[in-house]
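Heads up: the structure comes next, in structure tokens.
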Amino acid sequence: MTIHIGAEKEDIAETVLLPGDPYRAKWAAETFLTDVKLVNQVRGMLGFTGFWNGNRVTFHGSGMGMPSLSIYVNELIRDYGARTLIRIGSCGGMQNSVAVRDVILAMTASTLSTPSRGIFRDLNYAPCADWSLLNAAAKAAEKRGVKTHVGGIYSSDVFYDERPDLNEQMVRHGILGVEMEAAELYILAARHKCRALAVLTVSDHLLTGEALPSADRESSFGDMVQIALNAAFPS
Ligand code: HPA
């Protein structure tokens, strides 16, 4: 047990898929895994471990934003031995070529700040995805016929952004989408020699104002989970 995770050490798999929303972890575990066990519910942050095609997997909520994700990912890696960590979440589209429902595989995650800022200070570290996961996810997405974009995203500290000028610069520099967790996930994975990737569904669009209807959210999330599972365990 750790401060934020009530599981026994052996309850957590080496491969952890991280939705922001704990209820998404529950839905994904119940939908895609067999022999599912609830392994954490401290502070309502749910974690489940089970099997997918014979492979042991944990779905664990990360919460929203990098400080929350940092707590769970630090404990999952350092105390529970997680080695492959894939964020499955949503993002706001930032290019006209990107549409609501599309999937973005985040090759890099730019950010203004992260919980790791104190380490890097004035260095602009470049958080990037693990190539083997990124490559396998791109292949899995293509096989499923999901429209997918691979490129840079932006991990923001705020959902209600008071700096439209920064978004403008992100758009101008080809950033595909904005979310709030991937950069710190990539930094922690690098620090601890783990593999990480963020697989993101475009749930809303900053340029068009379009948003994914709630009826479509479950099927889009399901696609993303299957891409992540196939990336973690390529056949
Ligand atoms: N901003 C930040 N995070 C997000 C967004 C957004 O527009 N959409 C989904 N996650």
Side-chain angles (χ1 to χ4, degrees), residues 2-7 12-29 39-49 57-92 104-120 125-130 133-134 137 152-161 175 177-201 203 221 224-225 228 231-232:
T2 57
I3 295 175
H4 304 94
I5 302 177
I12 303 286
E14 273 192 21
T15 298
V16 183
L17 271 54
L18 297 153
D21 178 353
Y23 289 104
R24 287 264 160 117
K26 183 174 193 289
W27 180 85
V39 294
N40 187 32
Q41 51 184 331
V42 174
R43 291 176 182 245
M45 189 51 78
L46 305 176
F48 299 85
T49 296
V57 188
T58 296
F59 284 96
H60 197 289
S62 70
M64 289 178 278
M66 291 184 270
S68 176
L69 174 132
S70 174
I71 288 173
Y72 294 108
V73 168
N74 262 293
E75 294 180 14
L76 287 165
I77 293 175
R78 288 154 48 148
D79 300 291
Y80 290 97
R83 307 302 302 158
T84 295
L85 301 105
I86 305 180
R87 164 162 158 70
I88 39 177
S90 60
C91 71
I104 293 175
L105 303 177
M107 188 153 66
T108 62
S110 298
T111 186
L112 206 52
S113 72
T114 72
S116 296
R117 189 81 196 162
I119 297 176
F120 297 118
Y125 181 80
C128 74
D130 175 80
L133 289 176
L134 181 62
I153 61 148
Y154 168 51
S155 298
S156 176
D157 278 340
V158 286
F159 188 89
Y160 299 103
D161 201 341
I175 290 297
V178 55
E179 51 83 87
M180 299 179 65
E181 291 83 14
E184 179 67 2
L185 172 65
Y186 288 2
I187 292 170
L188 288 172
R191 188 178 308 152
H192 296 287
K193 306 203 168 23
C194 294
R195 303 192 306 156
L197 176 67
V199 181
L200 306 164
T201 297
S203 62
F221 182 66
M224 201 164 46
V225 174

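Heads up: numbering here begins at 1 and tracks the sequence. These numbers come from the heavy atoms of this one structure, side chains and all, not from hydrogens, waters or symmetry mates.
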Using 0.5 Å steps for rounding, measure from the OG atom of Ser62 to the CG atom of Leu76. 10.0 Å
With a cut-off of 6.0 Å (strictly less than), are more than 12 heavy atoms of other residues, nucleotides or ligands near OH of Tyr23? no
Can you give me the closest heavy-atom contact between Thr111 and Met66, atom names plus distance? OG1-CE, 3.4 Å
Closest non-hydrogen contact found for Phe221 with Pro19 is CZ-CB, 4.1 Å
Would a distance-only check, ignoring hydrogens and angles, find a side-chain to backbone donor-acceptor pair under 3.5 Å from Thr58 to Ala13? yes
Roughly how far, to the nearest 0.5 Å, is CD1 of Ile88 from CD1 of Ile86? 8.5 Å
Testing the basics here: between Ile5 and Tyr80, what is the closest heavy-atom pair and its distance to 0.1 Å? O-OH, 3.1 Å
Taking Asp130 for the side chain and Cys194 for the main chain, is one N or O donor matched with an acceptor at less than 3.5 Å? no
With the side chain counted from C-beta on, respond yes when Val199 and Leu105 share a heavy-atom pair under 4.5 Å apart, and no when they do not. yes
Distance-only polar pair, side chains of Glu179 and Ser156, donor-acceptor under 3.5 Å: no
Is there side-chain contact between Ile187 and Phe120, with heavy atoms separated by less than 4.5 Å? yes
Under a 3.5 Å distance rule, please check whether Glu181 uses its side chain to pair with a backbone N or O of Arg87 as donor and acceptor. no
Counting C-beta onward and ignoring hydrogens, is there a side-chain heavy-atom pair between Glu184 and Val73 closer than 4.5 Å? no
Would you call Val225 and Phe59 a side-chain contact if the rule is heavy atoms closer than 4.5 Å? yes
Distance alone, cut at 3.5 Å: any donor-acceptor contact between the side chains of Ser116 and Arg191? yes
Looking at every non-hydrogen atom in both residues, tell me the closest pair between Ile153 and Ala182 and how far apart they are. CD1-CB, 3.7 Å
Which pair of non-hydrogen atoms, one from Ile104 and one from Cys91, has the smallest distance, and what is that distance? CD1-SG, 3.8 Å
Side chains of His4 and Arg43, heavy atoms from C-beta outward: is any pair under 4.5 Å? yes
Pairwise distance OG1(Thr49) to NE2(His60) - rounded to 0.5 angstrom: 8.5 Å
Rounded to the nearest 0.5 angstrom, the CD1-OG1 distance for Ile71 and Thr2 is 10.0 Å
Starting at CZ of Arg195, measure out to CG of Leu133 and round the result to the nearest 0.5 Å. 4.0 Å
Does Ser155 use its side chain to pair, donor to acceptor, with the backbone of Ala109 at less than 3.5 Å? no
Do any N or O atoms from the side chain of Tyr186 and from the backbone of Ala106 form a donor-acceptor pair under 3.5 angstrom? yes
Quick one, Asn74 and His192 - any side-chain contact, counting heavy atoms below 4.5 Å? yes
Find out whether Leu112 and Asp157 are in side-chain contact, i.e. whether some heavy atom of one side chain is under 4.5 Å from a heavy atom of the other. no
To the nearest 0.5 Å, what is the distance between CZ (Phe48) and CD (Gln41)? 8.0 Å
Donor-acceptor pair, distance only, cut-off 3.5 Å: does the side chain of Arg24 make one with the backbone of Leu18? no
Establish, from distance only, whether the side-chain atoms of Thr201 and Ser90 form a donor-acceptor pair under 3.5 Å. no
If I compare all heavy atoms of Leu197 with all of Leu185, which pair ends up nearest, and what's the gap? O-CD2, 3.8 Å
